[in-house]
Amino acid sequence: MLKRDELGRENCTACGLCALSCPAEAITMKAEERKPGEEMLYREEKYASIYEINMLRCIFCGLCEEACPKDAIYLTLSKELVPSQYNREDFIFGKDKLVMPLEMAMKNAQLKNAN
């Protein structure tokens, strides 16, 4: 999952350290510059316009999580690692499947403020 901050902005700055640290070479991304008016979408000037993880290659080692300087990616706890599918394309998780839902980011912010 790709995290958001308390305002709902994506934490990822497309530095590429997660992709470099991945021994299975499962992560690909494309960095772009933030445009005027997108300040509420992305925290930094750079962001990942494309961020994909090939779940057929991922070995769930967690090195991407450790390499990230912005705490933008983390492995979720689940009894089902990847849902079964019939098409190979369904195992390539893009930002549509990876970015934390906005409601979850807001809930995390409320829990953080309560403590």
Side-chain angles (χ1 to χ4, degrees):
M1 184 173 284
L2 294 173
K3 287 185 181 179
R4 295 177 185 253
D5 67 5
E6 60 277 354
L7 298 177
R9 301 174 298 183
E10 293 179 17
N11 286 0
C12 179
T13 60
C15 68
L17 289 176
C18 57
L20 287 173
S21 69
C22 180
E25 298 180 2
I27 300 173
T28 56
M29 70 174 63
K30 179 182 175 189
E32 288 198 16
E33 295 284 326
R34 182 178 70 191
K35 296 169 187 63
E38 293 182 335
E39 292 81 8
M40 293 307 295
L41 297 175
Y42 312 108
R43 287 173 50 164
E44 306 288 336
E45 309 243 337
K46 280 180 57 181
Y47 70 97
S49 61
I50 297 173
Y51 193 103
E52 295 178 338
I53 299 178
N54 184 337
M55 299 308 282
L56 293 172
R57 299 187 111 202
C58 181
I59 59 175
F60 303 96
C61 64
L63 291 175
C64 56
E65 188 176 30
E66 291 180 28
C68 183
K70 299 292 185 176
D71 192 31
I73 187 168
Y74 73 98
L75 299 173
T76 59
L77 299 176
S78 175
K79 293 179 182 171
E80 182 179 322
L81 294 177
V82 179
S84 62
Q85 302 290 338
Y86 292 101
N87 299 317
R88 293 180 71 86
E89 296 81 22
D90 293 334
F91 289 100
I92 299 175
F93 286 16
K95 287 180 75 172
D96 58 328
K97 293 182 182 177
L98 293 171
V99 174
M100 175 186 284
L102 188 55
E103 300 81 33
M104 188 183 292
M106 298 307 209
K107 184 178 176 185
N108 288 346
Q110 289 173 350
L111 291 173
K112 190 184 287 186
N113 290 337
N115 293 334

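Residues Lys46 and Ala31 share a closest heavy-atom pair of CE-CB, 3.8 Å. Here the shortest heavy-atom pairing between Ala72 and Cys68 reads N-SG, 3.1 Å. Annotation for Ile73 and Tyr51: closest pair CD1-OH, 3.3 Å, computed over non-hydrogen atoms. In plain terms, the two heavy atoms of Gly94 and Glu52 that are nearest each other are CA-CG, 4.2 Å. The shortest non-hydrogen separation linking Lys70 to Glu44 is NZ-OE2, 3.6 Å. Here the closest non-hydrogen pair linking Asn11 and Arg4 is OD1-C, 3.5 Å.
Partners of Arg43 by salt bridge (charged side-chain N to carboxylate O under 4.0 Å, His left out), not counting sequence neighbours: none found. By the side chain to side chain contact (heavy atoms under 4.5 Å, CB included) test, Glu39 is found to be paired with Arg34, residues two or more places apart in sequence or in another chain being considered. Glu65 is linked by a side-chain hydrogen bond (donor to acceptor under 3.5 Å, both in side chains) to nothing, counting only residues two or more places apart in sequence or in another chain. Here Lys95 pairs with Glu10 under the side-chain hydrogen bond (donor to acceptor under 3.5 Å, both in side chains) rule; sequence neighbours left out. Applying the side chain to side chain contact (heavy atoms under 4.5 Å, CB included) rule to Asp96 yields no partners; only residues at least two apart in sequence or on another chain are considered. Applying the side-chain hydrogen bond (donor to acceptor under 3.5 Å, both in side chains) rule to Asn54 yields no partners; only residues at least two apart in sequence or on another chain are considered. Checked against side-chain hydrogen bond (donor to acceptor under 3.5 Å, both in side chains), Asp90 has no partners two or more places apart in sequence or in another chain.
Grouping Ile, Leu, Val, Met, Phe, Trp and Tyr residues whose side-chain heavy atoms lie under 4.5 Å apart, directly or via other members, places Tyr47 in a hydrophobic cluster with Leu41, Tyr42.
For the atom pair CD1 (Ile92) and CD (Gln85), the distance works out to 12.0 Å, reported to the nearest 0.5 Å. To the nearest 0.5 Å, the span separating SG on Cys12 from CG on Leu98 amounts to 10.5 Å.
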Tabulate below the donor-acceptor pairs under 3.5 Å that side-chain atoms of residues 19-30 make, not counting sequence neighbours, or state none.
{"residue": "Ser21", "atom": "OG", "partner": "Leu17", "partner atom": "O", "Å": "3.2"}
{"residue": "Ser21", "atom": "OG", "partner": "Cys18", "partner atom": "O", "Å": "3.0"}
{"residue": "Ser21", "atom": "OG", "partner": "Leu63", "partner atom": "O", "Å": "3.3"}

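No continuous path of hydrophobic side-chain contacts links Leu75 to Val99 [ILVMFWY only; heavy atoms under 4.5 Å].
Residue pairs that meet the ring-ring contact (aromatic ring centres under 6.0 Å, His included) test with at least one member in residues 19-38, sequence neighbours left out, do not exist here. The list of salt bridge (charged side-chain N to carboxylate O under 4.0 Å, His left out) pairs with a residue in residues 55-64, not counting sequence neighbours, is empty.
Side-chain atoms of Asn87 do not come within 3.5 Å of backbone N or O of Glu89 as any donor-acceptor pair.
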